[in-house]
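Residue numbers begin at 1 in each chain, while the letters A, B, ... track the order of the sequences.
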Amino acid sequence: MTKHAKYLWLGLLLVLLALPLLTNSYYILRLLTTTGMYLIIVSGLNVLQGYAGLVSIGQAGFYGFGAYAAGLLMKNAGMPFVPTVVVVMCIGALVGLFLGMVCLKLKQAYLAIVTLAFGLIVQIVAVNWSSVTGGMEGLMGIPKPNIFGFLINTPTRGYYLVLLISVIVSFVIANLTKSSWGRALNAVRDDEIAANIMGINVVNTKLFAFAFSSVLAMLSGTLYAGLYGGIFSDYFDMNLSVLFLSMMVIGGAGTQVGPVLGTVLIALGLETLRFLGEGQMLVYGVIVVALCVFSPGGLVELFSKKYREYKDKTLAERGVTSE
Amino acid sequence: MGTIIIVGITVGLIYGLVAIGYSLIWQTMGLVHFAQGDLLMIGGFLVLTFINAGFSSPLLVCILVFLAMGLIGAFIEQVAYRPIPREKHVTRIICTLGVGLILRNLAVLLWGTSSRGLPENFFPGAALALGEVSIQPVYYWTFIIGCTLVLGLVLFLYRTKYGVAMRLTAYNPALAELMGVNSKLFQSAAFMLAIGITGVAGMLISPIAFVHYNMGLSFGVKGFTAAIIGGLNSLPGSLVGGIVLGLSEVFFGKYLSGYVDVLAFTVMILVLIFKPRGLLGKVEAEKI
Amino acid sequence: MRIKQYVSALLIGLTTVGLVGCSGGADNKTINVGAILSLTGVLAHGGVDARNALQLAVEEINASGGIKGRQVKLLVENTNTDPERTVSGALKLANENKVLAIVGPDNSPTAFAARSQVAEPEHIVIMSVTGSSPKLTEGNPRWFFRGATPAEFQTKSLVQYLVKEKGLKRFAILSDSGITDQIESFTKDLKAMGLEPVATEMFKSGQTNFNGPLLNIKSKNPEAIFFIGYITEGASALTQARNLGVDARFLGSIGIIYDEFIKVAGKSSEGVIASIGFTASNEAADVQKFVTAYKTKYNQDPSHAAAQAYDQVNLIFQAIQNQNLTFDSAKVEQDRVMIRDYLEQVKNYKGITSMISYSPTDHSAYKDVNILEVVNGKWKVIKHSGEAN
């Protein structure tokens, strides 16, 4: 990106860093922390779907799996936070690989169905296996993270932790998409057969995409368990998976900035629409459908289009033709 | 034992109807319609609205629901699905999810959050005795109406020229156009038909389970599990899949309680991996 | 493509700062009381009921001049019976609207979330409206108060009544697999009578087809089936049971003790027995005053969720009346402590549900438990049990 844009993002980062100094409302801090967690998940989903073209309606399943795994490890096995993160991320990679292998040959629609079923299975197990997961009454009393002696026991610290990890994840993905892996992902999305002919190992690329998105979702789950201390199975339902999808789509799938934009706008936007009460989700649903119909590339595509139209118009007015 | 079978088949028939809806839409539009379950819910609520408006004959209500749902289906298809190009698979899938969301919340605004059942004795008649098994009117009416619907569908598709045109459009739209069939029209018609059938299924489940705005997910998922097990590409397969699912739910429900759904999903995933065309499906050729 | 970078960054920045900047809507002229309830979601009928009762209580007190000359304002956040939304709603009320106390939520999972994520860490009183899991008040919470009869009292009186007075011996249990406390409680009470449940079946929340578990239960020939779960599943299970020829009497847990249940289940609900503190048919004068007022305004009978909410909020009003609050939103933490301190000293407050007492070590209100039965389409008190021992 250009230097100007870089400065803008840096400025934004500074604003985000300074935020806890401007407010000590737990409500806002928690909202932003949760948004950060969602961003990590949606970024992973973007790699899977936006770049590799593999549909998933089951990210909430990975998220929940990670949260419960982390919660159980930290609470029952007394594992400290950092090793838990590592272990859960490894589990994430394995589960992702497994699901990827299951779904290798499936076409779009069937893939959507299997991921949906996966998400539902995770939730059903979470609810029914009450002896382990606490069932509907939840898994509570998860100890706060202790990172090399630094205890994350206030909302502000939790916020900074999530901010740090989101930034790291964004960096990793930005570099990933520019690398040969990134190009391989795109190639597989656009035309599998051509990609194969060009020497790209399609199977490995797909498996990688699955594992990557799974790891990120489980990482986010670990953060949720550690920072919030309590997990309730009701939360990890299909609606949550659909929420993640819509965050990616509304922002603009397959772009770097789309997921960030979509996640922030929807997470914060839904909160501001609280006053609508029962009508809140209806408005949200209408927006999703409207975007699908009018601007499938999300807001990012909308902006680009509008800007180009504007540019063409002003150039034409000045008597310059655009190529 | 007899009761188990009766119950299993009746519930299975309803799953089968939903599955047929999925299958029809998949074959003609290439779309997995995730909002199907929510449309079932809307159908159930519409039935209540009609009853409150004074219609009390089950057959009349059935026809009204079928027509009303068909119109709703036409509207949804034109506004939400038609504008999106067929290749944009992901977008279409997300759009169906969005439509489902809208339908659920619309239902809350229109009919509130409580559950509703059909009035007592909506289905007239007395319990039928078959050996030592006693069948409530609810069950045999569901069976009759369900079978009639399926029979009607089969006759339509295989014995009328419109049905043939629709099947041709499903199989190969380009070829259909060459034969003078307006493929777009028949795709819409197929969609309307599928939604109409789903609406009637909504009427049939309401005595057994109650209609409330969130019921769509459960039936929707069961419906397409049935469709996949039987084969998305095959209408008879969907019906068979539904009945198989209904029976196994009742049989295995004894041992697995809450995990019954997990069994269904696992079977579905296994079918998708090993026999993607389902038990009765036809082979899909992938064009290179 | 840099335009999208600019615009996106700008949008994100503006939204975030905007959210922070525009927050905080408390004024010092009204008394803000919050509520977190299910206006949509699984417990919506209970949540809406409770909200109605709260609005009634607020109107009543404002009509008589408010508290210390200030009008009371009720702020309600919808939880959709989802724990995460319950937490964010409660936090918004506490941090943004600076409410003095919160009434709600309306079931155990959301109550657990509200207690551990908001009440205890943020130091604000949250009084739940239903939520019968005994664990809710274990561990000596200092800010979370329970407003419903704990499960063990409900089941104990039910079992005692049915075994001692009706001579029943064969009980089966049909339960939502996510709710475990009531099964334990009921089984324990049966054991105390020297009995064991003849069958225990589970189902998943949202399940529509109960034929499997019901046929299992039928084969064991119970005289009564204790149903643990919510209205929709309860009505479905009951109807399907009757269709299958299972004639055993249905016993209800707190989840189905609503008029809504009778409406949904129809005729099959005749004869269902349950135990709870409040019922609209209780002839006591103060109960009827509430019932009449509620009925006039909302055209239906209040459920126990409404009654409990009414009692809770009136207790909060009393606390505000009797303490020296600053009514300064900048000092709201002090006010909240004073309210909590007052509530912990409440002894024998005569609510419309029954006598309520709290103490610093006991935040669970024991309530009188009545035995109810659905007779002619209405819940009727068939036995007043008094405090279960």
Residue A:F236 versus chain C: region with a heavy atom under 4.5 Å: neither
Which answer fits A:T34, side chain, backbone, both or neither, if we ask what part of it has an atom under 4.5 Å from a heavy atom of chain C? side chain
Using atom types as modelled and distance alone, determine if a side-chain donor or acceptor of C:R340 lies under 3.5 Å from a backbone N or O of C:F144. no
Please look at C:V87 and chain A and tell me whether the side chain, the backbone, both or neither of the residue comes under 4.5 angstrom of a heavy atom of that chain. side chain
What residue, out of C:S116, C:P121, C:A113, has the most heavy-atom pairs lying under 4.5 Å from chain A? C:A113
Parallel under 30°, tilted from 30 to 60°, perpendicular over 60°: which one fits the rings of C:H123 and C:W143? tilted
Over 60° means perpendicular and under 30° means parallel, so classify the ring planes of A:Y224 and A:Y235, tilted if in between. parallel
Where does the angle between the aromatic ring planes of A:Y63 and A:F244 fall among parallel (under 30°), tilted (30 to 60°) and perpendicular (over 60°)? perpendicular
